[in-house]
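The sequence lines fix the lettering, A, B, ..., with proteins before strands; numbering per chain opens at 1.
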2 protein chains.
Amino acid sequence: MRADARRNYARILEVAIEAFAAEGLSVSVHEIARRAGVGTGTVSRHFPTKEALYQAIVQARLEQLAQRARELAASAPPGEALFEFVRFMVTEGATNRGLAEALGGAGFDVETAAADTGLDFGAMLRGLLVPAQRAGEVRADLDQADVKALIEGCLARERGGIDPAARDRMLAVTIRGLRP
Amino acid sequence: MRADARRNYARILEVAIEAFAAEGLSVSVHEIARRAGVGTGTVSRHFPTKEALYQAIVQARLEQLAQRARELAASAPPGEALFEFVRFMVTEGATNRGLAEALGGAGFDVETAAADTGLDFGAMLRGLLVPAQRAGEVRADLDQADVKALIEGCLARERGGIDPAARDRMLAVTIRGLRP
DNA sequence: TCTGAACCGGAACGCGCGTCCCGATTCTAC
DNA sequence: GTAGAATCGGGACGCGCGTTCCGGTTCAGA
């Protein structure tokens, strides 16, 4: 790979991460190309599709999330590990419109993007949920899709603007509801 | 208004209600015209804009919701009235994609549509929430936007397909969380 | 330095959307 | 029955999107 190509690849990715986080998935490929100071063809060559561009971003992000999940599982009691992960996801989503939209299935889906990269968001969540249920700290009838939807609800609250106080209220209500 | 115009108006509205409920707000105006057996011009004349068409639908629906809210406020204790309304909204939204999307702000917003028609969804929710809080049956720190977001969370669970059992779980978690 | 392969930029394309326009049609009042 | 106004149908338009293409440019190895 030529040096200029590698530079452009990195720059496009960098700009796209920022743009998707700030404005959501609806930012156009043209706009990303413009901000990166390259032509649209250059974007298309490195990422044949808008979805491919987004997948490249999601992949890196999911690895971070998975690592966070592992840390929590190792360092906290099962219930608290799940609750803390929920808090983490909501905080991330509140400041990252692209992530929030992907969780909500608007545009591309996290799970689809994850599946293509070998990671599995659902399994990750289940890995925290099941131990918490076994420990009796979370209702036994719930599945990981329920938890994901509850996270989406928390994110919905801040769609009109960041509001940490509201976020805390939503998290309190949600975590309270998760308990048996 | 000519008789045929009135007929077309009604038919378009009828088809649009069904289409938006079944497929969401992304159904095209062309498609609605096709299904109604009229030209696209006829739709545009009666409803100058796609948003205007959706507003006409929302208006009627909001009046139903408002009536339901009044009934509940009159016939049930404050806490139960709010909980039952939440259940009602979630059940409605689960079988009506257009309503769910409008609540989620994808496409047009219920509140915007409501504001233009003199109805106010937020105020409606507040009218049930505040008495429930006064009665000590719901956390005092929540506002109506919180409740709306929690409803959205419940709806998110069924985005991939109707699942009444999951709906009951989500409602149980949510209502549990609302309590002080 | 020179050459050719890799890479670039952005105009061009196809698509589907919402909206507008106008000749043809249909209803209604007389 | 007839005139004329109201209404209709659907082709045409403009827009923005994601994607493709290709003539020009830049890099890197000999």
First of R6(B) and H30(B) reached from the 5' end of DNA chain D, by closest nucleotide: R6(B)

Touch class at under 4.0 angstrom, heavy-atom based, for S28(B) against every strand present: sugar-phosphate

Ring-ring centroid check Y9(B) F47(B), cutoff 6.0 Å: yes

Side chain of R45(A) (C-beta onward), nearest among dT26(D), dC8(D), dG9(C): dG9(C)

Atom-to-atom span, OH of Y9(B) to P of dA6(D) - whole angstrom: 19 Å

From dG9(D), dC27(D), dT7(D), nucleotide with atom closest to V38(B) side chain: dG9(D)

R35(A)/E23(A) ion pair, N-O < 4.0 Å: yes

Closest to the T40(B) side chain, choosing from dA6(C), dC20(C), dC8(C): dC20(C)

Lys/Arg-Asp/Glu bridge criterion (N-O < 4.0 Å) met for R169(A), D143(B): yes

Integer-rounded Å distance: dG18(C) P and Q55(B) CD: 16 Å

Sugar-phosphate, base or nothing in reach of A3(A), heavy atoms under 4.0 Å: sugar-phosphate

Separation of dG9(C) C1' from R11(A) CZ (nearest whole Å): 16 Å

Nucleotide nearest V29(A) when distance is taken to its side chain, options dC8(C), dC8(D), dG18(D): dG18(D)

Heavy-atom side-chain proximity of L13(B) to L53(B) below 4.5 angstrom: yes

Out of dT19(C), dC7(C), dC27(C), whichever nucleotide has its closest atom nearest the side chain of D4(B): dC27(C)

Sugar-phosphate only, base, or nothing, as touched by S44(A) at under 4.0 Å among non-hydrogen atoms: base

Interatomic distance where CG belongs to L53(A) and C1' belongs to dT19(D) [whole Å]: 14 Å

Rounded distance in Å - CD (E31(B)) to C1' (dC17(C)): 13 Å

Flag, side chain of R167(B) to backbone of T91(B), donor-acceptor distance under 3.5 Å: no

Phosphate OP1/OP2 of dC8(D) contacted by N8(B) side-chain N/O (<4.0 Å): yes

Selected nucleotide, minimal atom distance to R2(A) side chain, candidates dT19(C), dG9(C), dT26(D): dT26(D)

Separation of atom OH in Y54(B) from atom C1' in dG18(C), rounded to whole Å: 18 Å

Value in whole Å for how far the P atom of dG10(C) lies from CZ of R34(A): 12 Å

Closest-nucleotide ordering on DNA chain C, the 5'-leading residue of A5(A) and R7(B): A5(A)

Protein-nucleotide distance (E23(B), atom CD; dG16(C), atom C1'), rounded to Å: 16 Å

